[in-house]
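Numbers restart at 1 for each chain; the letters A, B, ... are given by sequence-line order, proteins then strands. The basis for the numbers below is simple: all heavy atoms, side chains too, and nothing from hydrogens, waters or symmetry mates. What you are looking at is a predicted structure, and each value in this text was computed from that prediction instead of being measured.
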2 protein chains.
Amino acid sequence: MSLEYAILSTLFASPCSGYDLAKQFDGSLGFFWQARHQQIYRALNKLETQGWLVAETIPQQGKPSKNIYALTAAGRAELQAWVQYPCEPPMLKNELLLKLFAGELLSRDCAIAALTRHRQRHCDRLTTYELIAQQDYPDVAQLSLAERMKYLTLRNGIRYERDRLAWCEEAIALLAATPDP
Amino acid sequence: MSLEYAILSTLFASPCSGYDLAKQFDGSLGFFWQARHQQIYRALNKLETQGWLVAETIPQQGKPSKNIYALTAAGRAELQAWVQYPCEPPMLKNELLLKLFAGELLSRDCAIAALTRHRQRHCDRLTTYELIAQQDYPDVAQLSLAERMKYLTLRNGIRYERDRLAWCEEAIALLAATPDP
DNA sequence: CCTGGCATGTAAGTAGTTACATGATTGA
DNA sequence: TCAATCATGTAACTACTTACATGCCAGG
């Protein structure tokens, strides 16, 4: 269900097309929710049928028509209800942990190589997040309540990636320090 | 695909029934991969058809027959190949972040209440993990390589929950400190 | 001339959830 | 008597991915 609400909240910020939504999911929104255009177009149809949004078709020359979607009053009410509704932290699914848990079949070198790759990915993501923080949130004290909430999603990412990075390093050190059997 | 390999690696440790596998997913394995019995039984049939495992049916009185599954040589080879194959860190999907990102529609109290709930969940999980660490891994220096790998999955959980906890607290403090507009 | 951006979709498949179903045994 | 545990499954559905499809325009 969350995809639908992610779309509603993006359209609440400003009406746009399916294509524009897909770009949002490729940007900051994608840091905590992902969706491809196929899924987005399907969801938009469903939401329109439910009466939570309306489309305005804008013909363009040389390009296919653009459908600009906007929230209806019912859509806004739904979104409002959803943000207040309690939710649970998600369960994790992590392939690397599954492989480490297999233990006996994995060589030390192979495990360290995998951890090093992961370390690099987290490092890259962290760099991205920190750059955004610097550019978009230079002075946290000046932020309004709503801006602070958005900022917290970024802080979440920064903390998360730093923590993953630290775990990878701890893990590599622990495996490297294992005496040969 | 990972579910199949999670099953293979559990059966590699020791052959067991679908029911037993489901219990594994309710335990430690569930900390980083989840599956219900319906999904497990379907996957077992698929894996058997592929020739990666074999079933031995054990009749029981008063209970339905038990199917004990064990890896074949082909299954073991597949598992061995999979653990070595590089994988990417998973993308996160987090409903709470989606709600914070909606910002404008969420009241301060509502956000703080949600964060407090999450804080509690992470606190509970952390307690569970730390108890397991104490009981199962009292002396890390003595662990073999394979045991260290398993231990690292637990360390991952401990670090993760501590970090989530810290973020929740940071978030609550930042929202609480917002001056009234 | 070819790539990338704009803009929309269908179709088929995989992964996972929810609901339903059966039936004996054991312990409170 | 009631709930829980053991042990297996089917059916229907939701969520998400991958592959395929169209067609014009702008810029290098």
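- Smallest separation of non-hydrogen atoms from Leu8(A) and Gly75(A): CD1-O, 4.1 Å.
- Rounded to whole Å, atom C1' of dA7(D) lies 11 Å from atom CD1 of Ile68(B).
- Only Lys93(B), listed by number, bring a heavy atom of residues 80-101 of chain B to less than 4.0 angstrom from any atom of DNA chain D.
- Taking every heavy atom of both residues into account, Asn156(B) and Thr153(B) meet most closely at CB-O, 3.3 Å.
- Cluster membership for Val140(A) and Tyr129(A), using ILVMFWY side-chain heavy atoms within less than 4.5 angstrom, is shared.
- Within 6.0 Å of atom CZ in Arg125(B), more than 12 heavy atoms from other residues, nucleotides or ligands are found, so the atom counts as buried in its surroundings.
- Each of Gly18(B) and Trp33(A) has a nearest nucleotide on DNA chain D; the 5'-most of these lies closest to Gly18(B).
- Computed from coordinates, the Met1(A) CE to dT14(D) C1' distance equals 8 Å when rounded to whole Å.
- Protein atom CG of Asp20(B) is 12 Å distant from nucleotide atom C1' of dT5(D), rounded to whole Å.
- Residues Ile158(A) and Leu92(B) fall into different hydrophobic clusters, defined by Ile, Leu, Val, Met, Phe, Trp and Tyr side chains chained together at heavy-atom separations under 4.5 Å.
- Residues from residues 36-50 of chain A lying near DNA chain C, meaning a heavy-atom separation below 4.0 Å, are His37(A), Gln38(A), Tyr41(A) in numerical order.
- Of the residues in residues 2-17 of chain B, those with a non-hydrogen atom less than 4.0 angstrom from any atom of DNA chain D are Ser17(B).
- Closest contact between the side chain of Tyr69(A) and the listed nucleotides dC6(D), dG9(C), dA15(D) involves dG9(C).
- The side chain to side chain contact (heavy atoms under 4.5 Å, CB included) with Leu11(A) is formed by just one residue from the set Leu44(A), Leu79(A), Leu47(A); it is Leu44(A).
- Rounded to whole angstrom, the span from the OH atom of Tyr19(B) across to the P atom of dT8(D) amounts to 9 Å.
- Atoms CG (Asp26(B)) and P (dC6(D)) sit 11 Å apart, rounded to a whole Å.
- For the pair Lys66(B) NZ and dG9(D) P, the interatomic distance rounds to 14 Å; values are reported in whole Å.
- Between His122(B) and His118(B), the ring planes lie tilted relative to each other; the angle falls in the 30° to 60° range.
- The aromatic rings of Tyr5(B) and Trp82(B) lie parallel to each other, with less than 30° between the two planes, well short of the 60° mark.
- A salt bridge links Arg159(A) to Glu170(B): at least one charged side-chain nitrogen sits closer than 4.0 Å to a carboxylate oxygen.
- Lys66(A) contributes atom NZ, which lies 11.5 Å from atom CD of Glu56(A) (distance to the nearest 0.5 angstrom).
- Summarising the geometry, the separation between CD on Glu56(B) and P on dA7(D) is reported as 14 Å, rounded to the nearest angstrom.
- Geometric assessment of Arg164(A) against the ring of Tyr160(A) yields a positive cation-pi assignment under the 6.0 Å and 45° thresholds.
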